[in-house]
Structure formats: structure tokens, C-alpha cells
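For reference, the structure is listed below as C-alpha cells.
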There are 4 protein chains.
Amino acid sequence: MKAYASALRSHEAKRLSIIEAASAVFGREGFSGANLDVIAQEAGVSRQTLYNRHGDKEKLFVAVVGELTTRMAAICVEAMTTFPDEPSHLEDDLTAFALRVNRDCICSRDGYLLRRLVQGESARYPHLFTGWEEQGAAKAWDALATGLEGLARAGWLDIEDAHLAARQFLALIRSDLQVYILLGETPDDETLEKASRSAVRTFLRAFVPRG
Amino acid sequence: MKAYASALRSHEAKRLSIIEAASAVFGREGFSGANLDVIAQEAGVSRQTLYNRHGDKEKLFVAVVGELTTRMAAICVEAMTTFPDEPSHLEDDLTAFALRVNRDCICSRDGYLLRRLVQGESARYPHLFTGWEEQGAAKAWDALATGLEGLARAGWLDIEDAHLAARQFLALIRSDLQVYILLGETPDDETLEKASRSAVRTFLRAFVPRG
Amino acid sequence: MKAYASALRSHEAKRLSIIEAASAVFGREGFSGANLDVIAQEAGVSRQTLYNRHGDKEKLFVAVVGELTTRMAAICVEAMTTFPDEPSHLEDDLTAFALRVNRDCICSRDGYLLRRLVQGESARYPHLFTGWEEQGAAKAWDALATGLEGLARAGWLDIEDAHLAARQFLALIRSDLQVYILLGETPDDETLEKASRSAVRTFLRAFVPRG
Amino acid sequence: MKAYASALRSHEAKRLSIIEAASAVFGREGFSGANLDVIAQEAGVSRQTLYNRHGDKEKLFVAVVGELTTRMAAICVEAMTTFPDEPSHLEDDLTAFALRVNRDCICSRDGYLLRRLVQGESARYPHLFTGWEEQGAAKAWDALATGLEGLARAGWLDIEDAHLAARQFLALIRSDLQVYILLGETPDDETLEKASRSAVRTFLRAFVPRG
DNA sequence: AATGAATGAGTCTTCATTCAT
DNA sequence: CATGAATGAAGACTCATTCAT
């Protein structure tokens, strides 16, 4: 029993370390620049194990993207649940929400890696992009639009096109983080908070009902 | 004379076709995925010529990024000169400006390629990113901030931090073009105009003085 | 007892399925093209069992050739016993004999496989060929020569060199089956009968005493 | 001009040495056992040249088979032209013809190699076999059948089915050379002459008109 | 300057073989 | 005995780079 459990654990642990290593290397070097021996080494498994588990380089790449997409989808869904449906202080609450989205979805390591992989190889594997968009981006936009619509119905905001507002909200909250996004660095909380707050302020100046 | 001129032309023509081909292939395949024979062939020159002109693969890559950066800087500067310093109709004029920026700087072929190259290889060649940021992005932001400041001084806008507003303006006008930006497709003018106008409207709702 | 017997049976059964699978794969792919994992899988045993039983790839190959040689020797000997020592109808009886040789020795699956293995690897393992020739071909020729000599002594045939006649008999009866022999397909009985009969007819035209 | 001619010569010479080396190695080791580096080395060219000229291992193999097929077809056609249409001494002339066929078509190096390649890989590349049969074997059989028919019409032979007789003739003349054929050794002229003569004698005993 | 070849390193992939469970 | 992993050696194929013509 123990052996079985530990084998399972080791099996799953290996799977994970392969995905970790592969996403790191693919992210760092791109698909063609990635070296399977390096991945195997960083994963602490033998090259054979890579092949046993994933067949070949391309399939491994697809597996990595799939895993990251799944993970990020979960994280984004989770982040969306913190949307302030009944805000006590609109600016503060939206800022907290924006900060969370920035931290967990935009500037997280997995987010960075997934973005790089999809950006870098979407030309070669268009389906990557499709899957990513449908499972990730579109869902997040929808959820956010729904949240904003709720605020509008409750009189907090004055919004005509909720999907448009959602896209603009997302665009604004990342507008001050371009450098971090590009380089894959995670900004500290102060930076995140500042970027989020200025974005939310502008967003509210645009969408809070006047007079 | 003629021979000299035509030799010159042919020399410059070759230089250009090499840059064109190389940027296309590097953009498509990334640095490690690019094949110098393919570049030579697409450029219509011999492999030797690549080496004679550029020394080696990395130098060629750097030359491509340099050329694209120079070009894009010029284009952005040019675009900035169309900023409506004395607008007749603020929304229309800013929309026209935004459309121009979107079309020429964001969604153009060179813009797409340069972004891909920098994004893909900035990890490997950090100086690429530095050069690009300083010569391209920063200058554009400065110029735009100056323009916005002018509008504010003239009473058209109510802006505290002009650089922040510039970043947000740029973020907003591209917020509806993510797909095109990612895939490198150039949207038609209607799409560009719509995306630009909704962004400008939101921007103005946020920054036009009230009451 | 039962357990013992069934263990034995299973042991022998495994041995056989290994030989079957190995001969099939070696025959299909040649020595270097054969993959031990494939053999193990087709045999329904684990790779380890191959190694436990046969040591390594080369030894397994030799075992296969040995097994096939033994089997084919037995089959050929058996076929030779059907030689019509006292024919009632010479052409019919010799044709029946030829058909049997063709079917069991030349066109059988094991015959095909053994021929392929020996042909393909005799350059690498000359002793394979030696063993095969001595145990298989030579014996068969001798037996056939003896049979023909008997017919000659009984006045049915007019033969000077019985070994030569034996070789020619064998050459003739396979002359119409080259395609099947090469591709390893087993012709139907009609084809076999026709090929055998025309060969026997020619053989008899050459060796039946005149006048 | 000279340079051009010498380049051509060297080009063709390289092509030939590649084919020579490749046929030797493929013949010796089989398709999967053959090592392209060895072929390149034996051909005295670089590995790259192999790839430039032939694309990949499989295409090189096909090219080798094609070349050998073409060559052997020419040689067989040439041999067939020596068929004694108007024999002065039937046995001697047919023996000379048989010897020639044996020497040039059956026991020649190219014949051996082609046979090995086709036998060894016809399972994997059935089209190899098809091409070989149609361009080589079938043509040779037809030509021989025509020749025998001529002798029959002229009263030298008594033949019903010329194609059958042709196949039997070919089977007989190689019946004493099996060992050489299998091992790819070229027998000396005495052996060839003896094998051919005994075959022709039997053939004539079967097909010369009686009485 | 173009072409073709050579060199040498590198990378993906396969596979025989062994070891641990 | 089966399973899965590890190791190490090939081997096919690619590619940057250089050289000769």
C-alpha cells in the first residue's frame, strides 16, 4: 500500500517537476531553443522519462501549455470571485480586486510563462492561441463584464457596454506594469497597489455617474 | 556613373531585402528557430552575402532589431506630430490621432515584428530591450504626455499626471485590438476607427473637465 | 502437480510465444531493425523475461534461427518420407510430392522466415548459414537424391548424377513460385499444384528413359 | 570550360561514389543497419553532401535501388541480345548464353546487391519490388521466352508454353549456384561453365524434339 | 557574388541494457 | 515476473560557419 501510494506520489511529483522544468525552459528559450536534455536535468528525471510520458518535444510543449492554461483558468476564476459585488468603498474595493488580478493573473510566474509560450508560438500552433483565448481570456472578460453590469444595475456605475468596459478596465490596470509584464518580473505590492489604484481612479472618473 | 548608381542601388536593395527577409524569418521562427539559408533564400541573396554583410547570425539579428527600432521610432515620431494640439472637435481629432497610432505603430507589420523580437529575445539580449524602450517607448510616451499637457493647459482636459494619462491613453486605444496585436494581423480601418473611438470616449469621460 | 504442470506449460508457452514473436519481428525488420520492446509486447511477456531467458538480442536471434532450423529440418525430413519410392503413377505421385515440398518447406511461414533471417544476416553471422546448410539444405538434397536414385534403379528414371538431378528438381518446382517466395505469401493449393505439375512434367521429359 | 567540365565530372563522380558506397553498405547491413556516416565516409564525401543530394536515408535507399535496377535492366537486355537465335551447336551456344546470364545477371555484384536490397526490404517498401519486377524480371523473361519461341519455330526445340520454359531455363541455370548467390561470391568461369552446361543439358533433354 | 561542399557541433529520438520495486 | 525509470550509446538530421571555385 505504502509502496503504491509513494509510487503514485512519485509519479505525480515527477509529472509536476517535468511540467515545471519544461515550462521554465520553454519560456526562457522558446520552443526551438529549448533543449530536452536541459529540461530532463532541471526536472531531475531521465531523458527517457520525458519520452515515456510525453512522446516528443512537441507533445511535451502542448502538455505544458495545456497545464498552464488549466491552472491560469482556475486562478482567474478564483480572482473573479473576489469582485466587489456589493462594495463598501468602491475605489478601495475595486483597487483591491484589480491588485489581485494584476498579481495573480497578469504578473504571476505562470501567467508570464503562458503568455510567452502562446505569444511566441501562436504563429506555429494557432490552436494554442485558440484554446488559450477561449478557456482563459474570454471567460475572464465575461465574468468581469457580469460583475460590472451588477455594479451598474446597483447604481454604482454608468455603463453602456459592459464588455467594452471590462476590456478597458483590464487594459487600464496593466497599463503601468508593461515593463514587469514584458520581463516577467513580479512587482512588489506597493507597485501593484499604486498601478491598480491609478487605473481604478481613471476608470471611476469615466464610469461613475455624474451629478 | 550609372553602373555606380545601380551598384549602389543594388547594394542598398540587397541590404533591404536581407533585413526584410531576416525580420520575417526571425519574427516567424524566433532566433534559434531561424535558418540562415532560409533567410538568404527569401532575401534572394547567397548565404555568403549574409556573412559578408553581417558577420554572423547574432549580428544579423541585432542589425534587424536596430533597423526596425529606427524605423518604428521615426514612424512614432511622425505619428506624434499629428497630435491635435489645437483641436476643432476634441473627440474626432483625438480619435483620428489614436487611429493613426494604432495603425502605424501598434498594428503595422514592423511594429508587430519588432514587438515579437524584443519580447521573444529580451531575456537573452537584455540590451535589445533597453535600446527599444529608450528609443521607442519612452520617447513616444514623453511626446504624448507633452501633447496631453498642452491640451490640459488649454483647458480641454483636466489632468494631474500627464505621463500617467499618456500611458492610460495608449493602454485604452489598444484594448480592443489584443487579438490582432497578438497574431500580427492588421485590422481594417473600420475596426481601427471603432476601437480608437471607444477608447477616446472613455478617456474623455475620465479627463474632460466637469461642469 | 497441476500447478507444476501448468507452470511448465506456461513456461513452455512463453518460450514459444517469444520465439514466435521474435521470428516475426526479426523477419519483418531484420536484426538491427528489430526492437526488443516490440518483441516482448508481441510475445505478451515483459522485456525482463526476454533478458532472463535469452541474455541479449544477439542470443535471442541465434535462438530463433536455431529453433526455426530445427523445425524446418523436421518438416523437410517428414516431407521426404512422402517421396514415392514405388510410384503407381509417376507424374501424379511426383507432383504430389513436389506440392508437399513446396507447401511445407518452401512456402511455409517458417520456411519464409528462416530464409529471410539467413539471407539477411548470413553476412554478419556466417555460422548461421553454415548450420542452416548442413542441417537443412544438404540433408534434404541427400534424401531427395537417394529417392531419385531408387527410382532410377527401378527403371523409372534415367539419371546419371542423382545429386545434380535433385538440385534441378528442387529448382524446377519452385521456378513458378518466385513471387510468393520473395514476398512470403502462401499460394493456394491450385497454384501450388499447377506449379508442381509443370515442373514435374519438364523433369520427367528430361529424365524418363526414352524408347 | 575546364572548370565547368571538371566540376561536372566531379559532380557525377561523387554521385557515383555515393551510389557505390551506399549500395555496398545497404547491401551489407540492410536498411536499418546502415549508417549514413559510414556511407559518407566510404563514398569519400561529407555527410552533408549525402543530404544535399538525396534528402534523407530512405530517399537515398530508393535512389540506390533505382540505380541498380536501371543498371541491371541494361545488363540483362544486353545479355539477352546474345541469345543464339541461329545456333550452330545448340548445346554449346545455349551454354555460352546461360553462362553469360549467370555471370552478368545472377552472380554479378550489382545483381547480388539488388537482390539483397529488394529481398530484404520488399516487405517495407512493396513498390521497390514492383519496380524491380516490372523493369527487370518480367522484361528478361519476356525476352527469353521470345528467343525460345524462335528456336521452337525453327525446329530446334519442342515447346508448348514459352514463358514457362523460360522460367524453367532460368531456374535450372542457377540451380547449382545457390551458395554463391546467397553469399554474393562470384564463382570462377569453370564453375559457371559447368553449372550452365549441366542445366542446358537437362533443359535440352526435356525440350529437344524426339525421334 | 553565387554555388556546392566540408566541417563540426548540437539536438531529437531510439534502443539495448540494467536496476529497483 | 511485470513495471517504470535510468543510463549510455548511437544514429538521423540540422545548421552555423568556412572554403574553394
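For the numbers below, each heavy atom of this structure counts, side chains included, while hydrogens, waters and symmetry mates do not. Reminder, nothing fancy here: chain letters follow the sequence lines and each chain counts from 1.
Atom-to-atom, CG of D:Asp37 to P of F:dA10 comes out at 12 Å; the value is rounded to the nearest Å. When rounded to the nearest whole Å, the span between CD1 of B:Ile39 and C1' of F:dA16 equals 12 Å. When rounded to the nearest whole Å, the span between CZ of C:Phe26 and C1' of E:dC15 equals 13 Å. At whole-Å resolution of the value, NE2 in B:His54 and P in F:dT18 are 15 Å apart. As rounded to whole Å, 16 Å separates atom P of E:dT7 from atom OH of D:Tyr51. Per the geometry, NZ belonging to C:Lys14 stands 9 Å off C1' belonging to F:dA2, to the nearest Å. We find that CD of B:Gln41 is positioned 11 Å from P of E:dG4, with the value rounded to whole Å. Following rounding to the nearest Å, C:Leu60 (CG) and E:dA16 (P) show an atom-to-atom distance of 11 Å.
As judged by a 4.0 angstrom heavy-atom cut-off over every strand, B:Ala40 is placed among residues making no nucleic acid contact.
When the nearest nucleotides of DNA chain F are assigned to B:Asp56 and D:Phe31 by heavy-atom distance, the more 5′-ward of the two goes with D:Phe31. Between B:Gln48 and D:Val45, it is B:Gln48 whose nearest contact on DNA chain E lies nearer the 5' terminus. Residue C:Asn52 is the one, among C:Asn52 and B:Gly55, whose nearest nucleotide of DNA chain F lies closer to the 5' end (criterion: closest heavy atom). The residue among B:Gly44 and C:Leu36 whose nearest nucleotide of DNA chain E lies closer to the 5′ end is B:Gly44.
In this structure, the side chain of C:Arg116 does not engage the main chain of C:Phe26 through any donor-acceptor pair within 3.5 Å. B:Lys57 places a side-chain N or O within 3.5 Å of a backbone atom of B:Phe31 that can act as its donor or acceptor partner.
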Pairing annotation in dot-bracket form, given for DNA chain F with Watson-Crick or G-U pairs under 3.5 Å and | for cross-strand partners:
.||||||||||||||||||||
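Of the candidates C:Arg15, C:Glu42, C:Arg109, C:Arg109 is the only one forming a side chain to side chain contact (heavy atoms under 4.5 Å, CB included) with C:Glu20.
Smallest separation of non-hydrogen atoms from A:Gly27 and A:Leu113: CA-CD2, 3.9 Å. Heavy atoms only, all atoms of each residue included: A:Val118 and B:Leu182 are closest at CG1-CD2, 4.3 Å.
For the atom pair CD1 (D:Ile18) and CG (D:Leu50), the distance works out to 5.0 Å, reported to the nearest 0.5 Å. Here the CD atom belonging to A:Glu58 is positioned 10.0 Å from the CD atom belonging to A:Glu121, to the nearest 0.5 angstrom.
For E:dC12, one of the phosphate oxygens OP1 or OP2 lies less than 4.0 angstrom from a side-chain nitrogen or oxygen of A:Asn35. Put simply, A:Arg53 has no side-chain N or O that comes within less than 4.0 Å of OP1 or OP2 on F:dG4.
Checked by distance alone, A:Arg47 brings no side-chain donor or acceptor within 3.5 Å of a matching partner on the base of E:dT11.
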